[in-house]
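The structure under discussion appears below in the form of structure tokens.
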Amino acid sequence: GAKVTLFATGDSETSARLEAVCEKSHGSGCREDKILCTGLHVSNCIGRADDFDIIDNHMGAAAALWAGTTSTPMLVSLHGAPGKEEAAAFGKIGGGLFFAAPHGTAVPGGVNLFDDTAGDTAEKYIRIYEKIIDRQKREDHRPWGFYTILSDTPDHKVKRIEVFPGQRLSLQRHARRTEHWYVVRGKATVTLDDKEIDLDAGQAVDIPVRTWHRMRNRGDVNMAFIEVQTGDYFGEDDIERAQDDYGRSE
């Protein structure tokens, strides 16, 4: 039931959404530099980290070294006991990593979550993902996506908001603030009272006080927009909801 994006070479066979920066694996005659391909492969994933609830890393320390650059939790799936050098690298990375490995495998400085979970392999992984996500909950995450506060002052507030494909915010209005929405990635549909407006990256819309409004992602990748609030109060309790897909209507 999980939506999976696989970061792998272009010749991989998968039912997941495939993201590839190198077309062939090195066992299939790839002529590109292996170290360079590895770096490109990992950086492509980390650059998209905010799009995901969890990263399942099957590349060991080579990818785990990047874990500290994102707030998205990383599970390190080991396919055997790590060697001395890799174990030492994990030790230098420090906390923040979660491990899953074959039954009974000792992991460096951590707990083998695979041993701690009942069920077959697929069931174990789903439960491990759920356990990690629950431990690493972030207040900025919502059912429709997540946001980051870029600025918060007495006279304005700025957020960067990402909306998952096919999801939408509640239909709402505010009594004490106006908002300006500027789409920076993806395709959006904005509801303003009884009108619907399609916006693409680089386009914007203004939302006056007491106007019913909502944002929907009409694309198949995360849509991102900048929200600039102006007024005399920016608290989350200045939200009157008329309809919500997640049962939060008031």
Side-chain angles (χ1 to χ4, degrees), residues 1-79 86 89-90 93 96-101 113 121-122 124-126 128-130 132-133 136 138 140-148 160-168 183-188 200-202 216-226:
K3 292 182 179 179
V4 179
T5 298
L6 177 66
F7 289 83
T9 53
D11 56 355
S12 301
E13 296 181 7
T14 179
S15 57
R17 179 185 178 90
L18 180 63
E19 287 275 351
V21 291
C22 297
E23 288 305 311
K24 293 184 178 181
S25 64
H26 284 271
S28 304
C30 177
R31 296 182 179 180
E32 296 179 90
D33 181 83
K34 185 174 182 179
I35 295 176
L36 177 60
C37 281
T38 298
L40 290 171
H41 178 75
V42 177
S43 64
N44 185 33
C45 175
I46 297 299
R48 295 269 313 282
D50 282 348
D51 293 353
F52 309 108
D53 294 312
I54 191 168
I55 297 170
D56 188 350
N57 163 26
H58 291 258
M59 296 181 66
L65 291 167
W66 295 66
T69 66
T70 174
S71 59
T72 302
M74 178 182 288
L75 172 69
V76 181
S77 290
L78 298 172
H79 298 270
E86 187 172 37
F90 285 130
I93 294 168
L97 293 178
F98 301 89
F99 292 91
L113 294 175
T121 301
K124 281 190 174 187
Y125 265 100
I126 292 296
I128 288 169
Y129 295 157
E130 290 172 344
I132 294 171
I133 290 168
Q136 299 291 102
R138 294 176 287 185
D140 58 354
H141 275 223
R142 296 292 185 268
W144 43 259
F146 54 92
Y147 67 84
T148 302
R160 185 183 191 278
I161 301 173
E162 293 214 18
V163 184
F164 299 141
Q167 303 302 305
R168 59 183 183 174
V183 178
V184 294
R185 184 176 72 186
K187 298 179 179 295
D200 295 324
R216 176 171 66 87
N217 181 352
R218 60 185 169 89
D220 57 4
V221 298
N222 279 20
M223 180 269 293
F225 67 101
I226 304 298

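Numbers here are sequence positions counted from 1.
- By the 4.5 Å heavy-atom criterion applied to side chains, Ser77 and Phe99 are not counted as neighbours.
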Which atom pairs, donor and acceptor, lie under 3.5 Å between side-chain atoms of residues 39-47 and protein residues at least two apart or in another chain?
{"unit_1": "His41", "atom_1": "NE2", "unit_2": "Phe7", "atom_2": "O", "d": "2.8"}
{"unit_1": "Ser43", "atom_1": "OG", "unit_2": "Gly39", "atom_2": "O", "d": "3.0"}
{"unit_1": "Ser43", "atom_1": "OG", "unit_2": "Leu40", "atom_2": "O", "d": "3.1"}

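- Using a 4.5 Å heavy-atom cutoff, the side chains of Thr5 and Phe52 are in contact.
- Taking all atoms of both residues into account, the shortest heavy-atom contact from Lys187 to Met223 is O-CG, 3.8 Å.
- A search for side-chain contact (heavy atoms from CB on, under 4.5 Å) contacts involving Arg160 returns Leu150, Glu162, Val184, Ala224, Ile226, not counting sequence neighbours.
- Between the side chain of Ser12 and the backbone N or O of Thr9, at least one donor-acceptor pair lies under 3.5 Å.
- Annotation: ring pair (Phe, Tyr, Trp, His ring centres under 6.0 Å) contacts of Phe164 (sequence neighbours excluded): none.
- For Tyr129 and Asp56, the side-chain atoms include at least one donor-acceptor pair closer than 3.5 Å.
- Taking CD1 from Ile54 and OG1 from Thr72, the interatomic distance works out to 9.5 Å, rounded to the nearest 0.5 Å.
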Derivation and outcome, side chain to side chain contact (heavy atoms under 4.5 Å, CB included), residues Val221 and Arg17:
CA-CA 11 Å; Val221 298; Arg17 179 185 178 90; 3.5 Å; yes

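- Considering only residues two or more places apart in sequence or on other chains, Arg218 meets the salt bridge (Lys or Arg N to Asp or Glu O under 4.0 Å) condition with Asp198, Asp200.
- Scanning for side-chain contact (heavy atoms from CB on, under 4.5 Å) contacts around Ser15 gives an empty result, with sequence neighbours left out.
- Side-chain contact check for Ile55 versus Pro73: every heavy-atom pair is 4.5 Å or farther apart.
- Here the closest heavy-atom approach between residue Ala20 and residue Gly10 is recorded as CB-N, 3.5 Å.
- The salt bridge (Lys or Arg N to Asp or Glu O under 4.0 Å) search around Asp220 returns none, not counting sequence neighbours.
- The shortest distance between side-chain heavy atoms of Arg168 and Trp144 does not fall below 4.5 Å.
- In this view, Ala16 and Val4, Leu6, Thr14 satisfy the side-chain contact (heavy atoms from CB on, under 4.5 Å) rule, not counting sequence neighbours.
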Walk me through it: do Thr70 and Asp50 pass the test side chain to side chain contact (heavy atoms under 4.5 Å, CB included)?
CA-CA 8 Å; Thr70 174; Asp50 282 348; 4.3 Å; yes

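- For the atom pair CD1 (Ile128) and CG (Leu113), the distance works out to 5.5 Å, reported to the nearest 0.5 Å.
- Residues forming a side-chain contact (heavy atoms from CB on, under 4.5 Å) with Asn57 (at least two apart in sequence, or on another chain): Met59, Ala63, Ala64, Met74, Val76.
- Annotation: salt bridge (Lys or Arg N to Asp or Glu O under 4.0 Å) contacts of Asp51 (sequence neighbours excluded): Arg48, Arg185.
- Between Ala100 and Tyr125, the shortest heavy-atom contact is CB-OH, 4.1 Å.
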